[in-house]
Number of protein chains: 2
Amino acid sequence: MGVIDRKEREKVEMKRQILDAARSLFLEQGFEKTSIRNIAEVIEYSAGTIYLYFKDKNEILFALHVEAFSALMQAMQAGIVGEADPFERLISLGKHYLKYAFENPELYDLMFVMTAPIETLEYRKEIWCDGERAFETLEFVVADCMKAGYFEGADNETISVMVWSLVHGLATLHLRRRTMIFPEEKRIKLLEDAYAQFTEILKTYKK
Amino acid sequence: MGVIDRKEREKVEMKRQILDAARSLFLEQGFEKTSIRNIAEVIEYSAGTIYLYFKDKNEILFALHVEAFSALMQAMQAGIVGEADPFERLISLGKHYLKYAFENPELYDLMFVMTAPIETLEYRKEIWCDGERAFETLEFVVADCMKAGYFEGADNETISVMVWSLVHGLATLHLRRRTMIFPEEKRIKLLEDAYAQFTEILKTYKK
DNA sequence: TTGTATTTATGAACACCGTTCATTTTATTT
DNA sequence: AAATAAAATGAACGGTGTTCATAAATACAA
């Protein structure tokens, strides 16, 4: 019976439609301000239909979450390959992380800022698994740096948390508009300079 | 007429009641999940009454915002006084900033993470003003460090943004539960270590 | 092809939300 | 005590997420 196969395909296709509509609306107007009815309208179905494919609104967000992490991992890998020097690799990793954050603000939010749906116990496992893998990628690069003599005597995990916190801080301050206290034309440069300054200080640490 | 004086006092008192109830509810269950009706219930008035004292729900948040910034400034000042050495002063400033963030998670959110009400144009002036003053406090301490020979050849604003980003990153990663990828008993220590590592690296930069 | 069973979609209904406003209650002034 | 002013109410409006009996569409068996 090819019928159930087709049904399966149709189900997947429908989920795709919902997710695409949801992503675009979330990006446009945010999660809270997007209603199930809005999503249903875009895909030209009734609101109730959405619930045949997703348990609730949070589960839609969660599905996008998974996609977002996969995209971030790709972005990070792109920052790693082709950089021979370990420290340059670390610098590039951070830059690509920031680039992803700035180019996908709502998805970055979803992964590292949003708080609402993450509280739901069930979601945790998969989400944190993804998060862990991204963090491990950072740790690997830091390990390479240490092998090359950087951060002598320091702890890999500690250094990694520090680096992560810095780029995450830069990203969120900007995404959440807290750089508004600086004149508009300076904002991006200030963030770039801060990151460059950080990596320079980090590099000279050798000690 | 002492009557209008009393009326004024009563109005202030009523606003206080509303703000206290709102703060406690926001802290408990967050902004979005707290309804005007919830607040009204706590202070034992009808929902409509709230609108005689605050234009809308956002304005309540905004009033709390002003209070929160004032408290943060106090916390930061407390970190500065009594530290003779400029660099120790910087370290202490960061620690007090983090302490405030961890002890007042919802208020910290309000100031540096929340995005919804800040978009409203009118609010900006006062809010940014408060934010700027807090940032200037950091810049002053950094300036003292530079006078003492630290961060040679670096730009004060750049260094300050970098420091701010790091502590903000540490704060938000933890407040938004992204440190869940680490075992519970290690989380706080990891953050402390990362901050200590950062300041140590910063200190040795001199060069 | 027809009739039945199954899947899929609907939209009304529920309990909530922020906000407004005519009406009622309370307090002040004359 | 009557008239006026201020404060509080609660019903109503148009929205929300979600559920569920009903209706429509599809798949399978006779």
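Naming convention: chains lettered A, B, ... in sequence-line order (proteins, then strands); numbering from 1 in each chain.
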Visitor: Identify the pairs formed between an N or O of the protein and an N or O of nucleotides 14-17 of chain C at a distance under 3.5 Å, and give each distance.
Guide:
{"unit_1": "dC17(C)", "atom_1": "OP1", "unit_2": "Ser35(B)", "atom_2": "OG", "d": "2.8"}

Visitor: CZ of Arg23(B) to CG of Asn104(B): how many Å apart, nearest 0.5 Å?
Guide: 9.5 Å

Visitor: Does Arg176(A) form a side-chain contact (heavy atoms from CB on, under 4.5 Å) with Asp109(A)? I'd like the steps, not just the answer.
Guide: CA-CA 9 Å; Arg176(A) 294 304 176 108; Asp109(A) 240 61; 2.2 Å; yes

Visitor: Between the side chain of Asn38(A) and the main-chain N/O of Thr34(A), is any donor-acceptor distance below 3.5 Å?
Guide: no

Visitor: Rounded to whole Å, how long is the line connecting atom CD of Glu59(B) with atom P of dG18(C)?
Guide: 16 Å

Visitor: Between Glu67(B) and Arg16(B), does at least one N-O distance fall below 4.0 Å, as a salt bridge requires?
Guide: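 Answer for the salt bridge query: yes.
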
Visitor: State which residues pass side-chain contact (heavy atoms from CB on, under 4.5 Å) with Met76(A); sequence neighbours excluded, sorted by chain then number.
Guide: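 Testing Met76(A) for side-chain contact (heavy atoms from CB on, under 4.5 Å), a comparison that skips the adjacent residues, returns Leu72(A), Leu93(A), Tyr97(A), Ala134(A), Thr137(A).
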
Visitor: Does Pro86(B) offer a backbone N or O that forms a donor-acceptor pair with the side chain of Tyr150(B) under 3.5 Å?
Guide: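 Pair absent, no side-chain N/O of Tyr150(B) close to backbone of Pro86(B).
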
Visitor: Expressed in angstrom and rounded to an integer, what is the separation of Glu41(A) atom CD from dT16(D) atom C1'?
Guide: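 Nearest whole value for this atom pair: 14 Å.
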
Visitor: May I ask you to check whether Glu103(B) and Tyr108(B) show a side-chain donor-acceptor distance below 3.5 Å?
Guide: no

Visitor: Rounded to the nearest 0.5 Å, how far apart are OH of Tyr100(B) and CD of Gln74(B)?
Guide: 10.0 Å

Visitor: Can we say Glu157(A) and Arg187(B) salt-bridge, meaning some charged N sits less than 4.0 Å from an Asp/Glu carboxylate O?
Guide: no

Visitor: Just to be sure I understand the rule, does Tyr53(B) reach a base, reach only the sugar-phosphate, or reach nothing, if contact means heavy atoms closer than 4.0 Å?
Guide: sugar-phosphate

Visitor: Distance check needed: dT19(C) P versus Ile60(B) CD1, whole Å only.
Guide: 8 Å

Visitor: Measure CZ/Phe54(A) against P/dT19(D) and give the value in whole Å, please.
Guide: 15 Å

Visitor: Check the distance between dA25(D)'s C1' and Lys11(A)'s NZ and give it to me in whole angstrom.
Guide: 16 Å

Visitor: What N/O pairs connect the protein and nucleotides 20-26 of chain C at under 3.5 Å? Give each pair on its own line.
Guide:
none

Visitor: Rounded off to whole Å, could you give me the CD-to-P distance for the Glu10(A) and dA9(C) pair?
Guide: 9 Å

Visitor: Round to the nearest Å and state the distance from Gln29(A) atom CD to dG15(D) atom C1'.
Guide: 13 Å

Visitor: Using a cut-off of strictly less than 4.0 Å, decide whether Tyr45(A) has a side-chain nitrogen or oxygen near OP1 or OP2 of dG11(C).
Guide: no

Visitor: Rounded off to whole Å, could you give me the CD1-to-P distance for the Ile50(A) and dG11(C) pair?
Guide: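 About 14 Å, once rounded to whole Å.
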
